[in-house]
Asks: 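Structure incoming, see below.
Bear in mind that the values here come from a model prediction, so they are computed numbers and not experimental data.
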2 protein chains.
Amino acid sequence: MRKRATAKQVAEAAGVSKWTVIRAFTPGASITEESKRKVLETAAALNYTPNLLARSLATNTTGQVAVFVDDFANPQKLPFLESLTEKLQAAGLVVMLININNHFDHVNALLHADQRQVDAIILFGTAFRDETLTDLQLGNGMPPMFVLARDSQIEGVPAVVCDAELALREIVDHLHAKGYKRPGFMSGAAALSTALRRRQHFAEFWAEKGVTDIALLFAEKYSAPAGAASIRRYLSETAAQDRVDVLMCENDILAIGAMDEIRGKFGLRVPEDIAIVGFDNYELGGSFAYGLTTYEQPRNEMVDVVLKMIKGKIEPETITLPGRLIVRRSA
Amino acid sequence: MRKRATAKQVAEAAGVSKWTVIRAFTPGASITEESKRKVLETAAALNYTPNLLARSLATNTTGQVAVFVDDFANPQKLPFLESLTEKLQAAGLVVMLININNHFDHVNALLHADQRQVDAIILFGTAFRDETLTDLQLGNGMPPMFVLARDSQIEGVPAVVCDAELALREIVDHLHAKGYKRPGFMSGAAALSTALRRRQHFAEFWAEKGVTDIALLFAEKYSAPAGAASIRRYLSETAAQDRVDVLMCENDILAIGAMDEIRGKFGLRVPEDIAIVGFDNYELGGSFAYGLTTYEQPRNEMVDVVLKMIKGKIEPETITLPGRLIVRRSA
DNA sequence: AACTCTCTTGCTACCGGGTGCAAAATAGTT
DNA sequence: AACTATTTTGCACCCGGTAGCAAGAGAGTT
């Protein structure tokens, strides 16, 4: 194994005690300019730098935040991860990225993060089952947890989410104003509360406009092929005059898959034959090829809020933040 | 701060010494079935689980691997991160994701990772400057480093990359066989060695076919708008009869940006007017809207190799692995 | 010069485990 | 029963820091 210089070695070389060395590296500690300079010089010569592991053990805070992700297929994760790493790092925290896809047992992942003494756990997944958490006797020594970008029904586990009610209201208002009359909704994994909520609000606001008949489509997972398969099923089973004139997809990936299928395989036009709306404002949806109307989650603001909760600057409680409707050609 | 049970507490409760408790949690340690059972029972009752931080401090290995990423705009990163987290976790390692975009000083990030005693550092970025590393007196206590998915010229820092020579040979062979005669190449950030290499091989293999005149386009960064801007400049400056008939873009993002611009703004056809080739096989490039011919890096194999090097199962040395040409409609 | 008061410095104890050795307990042998 | 070999267990010390207190060193006052 590698060997680094320790405070003790620097102390001997500089002719002081190891505590003086440590004080030289502790901002605001009581130490003379003279000895501080001396210590820092010998430290630089010996290539010494404090061992954060030892510090963590002594202070009982690691500065590490575990971020759980289970769905790497959604490109939306990447800008979120960028924002998370950037903001957490700026606050002196570091991200431990934990993959909890099916190969990995969720409970074990949680216990593992706990064993590593992380300061907080961010559940940034869409398919994390609530029961997994309730099984774990939360509060009993587990680090504080936060759910990012999805709902949480769990007592003591606050969520930071985009305001689904506002989002769907804006979307439905827009579609209604555009004159669409036969809406449909494509879900990705209906069991999830976040997914359900979007669909419910969609139905609710259309009902306010007097439209109660909403076609429901289901994709097996959040992927373009799944979206394509779902719309393929729908189009082949539904006569042209009975089809929706606008389809809202639960996220952009589904929307893109659906759009490809509609135009490529069925030769229909978007938005003339079927208009499409997505969710998430995934970067490529804005390209010329798609021009997807979508809704953008307030990523940076959401991460800011989670960070403040972790840092204890605001009370941990579920918070919804307003996003932004992005109108393009597809609807 | 939270309180967890410690080995000492479990020892008292079970009526043994703390070392016996530790042995119960150490596979292969010398301990009777009887006392092991007794310890594990009381441990379960007290909700005890070993503190990995303390263990790391004592054993001088953390099981943490820092992964440096600087460009979150490239969706290609996500499947790589998935593969990395999955395979490293399966090997008992955990990923510390470190964002080294411009807000963050690279040297500091390295020192920080070092201070956290990570077992290895994976540079999974495209714009990491070699000088940053050479400045750091490598080997002098720094954790072993590996460069993933780009070249490394640094002594002692091996790279695991997709075989660029083979890739470009396959691509050029394919394009030549298809009858293209006036090739062009769009670079993203020409200063990088990986980027240069792709361009050089592209030129080299065309030269073997007797084509020495390669149009060179430059995009300011690896993004769709940058690719679009680059091709826009080229098309508006170049008369129709002088234009390339096939354009190879350094990665799929540039290719998609270029394709959008060619079709959307200039009304030209792909591949009839200009054929397009990308690199990386970014998922959406395969959609109906793009049908991008591209080249796929052997992600899983690359990660496997890095993992083996980290684990010391194979000698750390630069390794190139063959990828796979993916032919679609765009070329 | 004696005496405070304040700033530095060193020390003990501790964070929660791991290592290697010696003592204790058990098993095996004659 | 005495003795040896082997397994278990306990112990001192270590990993590299931090916390808080007490002793030491200066500076200021009378």
Asks: Quick one: which residue pairs count as a side chain to side chain donor-acceptor pair (under 3.5 Å) with a foot in residues 20-31 of chain A, not counting sequence neighbours?
Replies: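 Side chain to side chain donor-acceptor pair (under 3.5 Å) check on residues 20-31 of chain A returns S17(A)-T20(A).
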Asks: Report yes if at least one side-chain N or O of T6(A) is closer than 4.0 Å to OP1 or OP2 of dC15(D); otherwise report no.
Replies: no
Asks: Please state whether the base of dG17(D) and the side chain of K18(A) form at least one donor-acceptor pair under 3.5 Å?
Replies: yes
Asks: Side-chain donor or acceptor of W19(B) under 3.5 Å from a matching atom on the base of dT8(D)?
Replies: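 A donor-acceptor contact between them is absent.
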Asks: For DNA chain D, determine which residues of residues 23-33 of chain B have any heavy atom closer than 4.0 angstrom to one of its atoms, and list them numerically.
Replies: R23(B), S30(B), I31(B), T32(B)
Asks: Using five base pairs at each end to define the local axes, how bent is the helix from dA1(C)-dT30(D) to dT30(C)-dA1(D), to the nearest 10°?
Replies: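 End-to-end axis angle for the helix from dA1(C)-dT30(D) to dT30(C)-dA1(D): 50°, rounded to 10°.
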Asks: Send over the distance from I22(B) CD1 to dG20(C) C1', rounded to a whole Å.
Replies: 14 Å
Asks: At under 4.0 Å, does any side-chain N or O of T59(B) touch on OP1 or OP2 of dT19(C)?
Replies: no
Asks: Return the value, rounded to whole Å, for the distance between atom CG of N60(A) and atom C1' of dG17(C).
Replies: 14 Å
Asks: Which atom pairs link the protein and nucleotides 4-6 of chain D when you take only N or O atoms and keep those under 3.5 Å?
Replies:
none

Asks: Residues from residues 34-46 of chain A sitting under 4.0 Å of DNA chain D, heavy atoms only?
Replies: none
Asks: Could you list all the ring-ring contact (aromatic ring centres under 6.0 Å, His included) pairs where at least one residue sits in residues 66-86 of chain B, not counting sequence neighbours?
Replies: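 Sorted result for residues 66-86 of chain B: F80(B)-F124(B).
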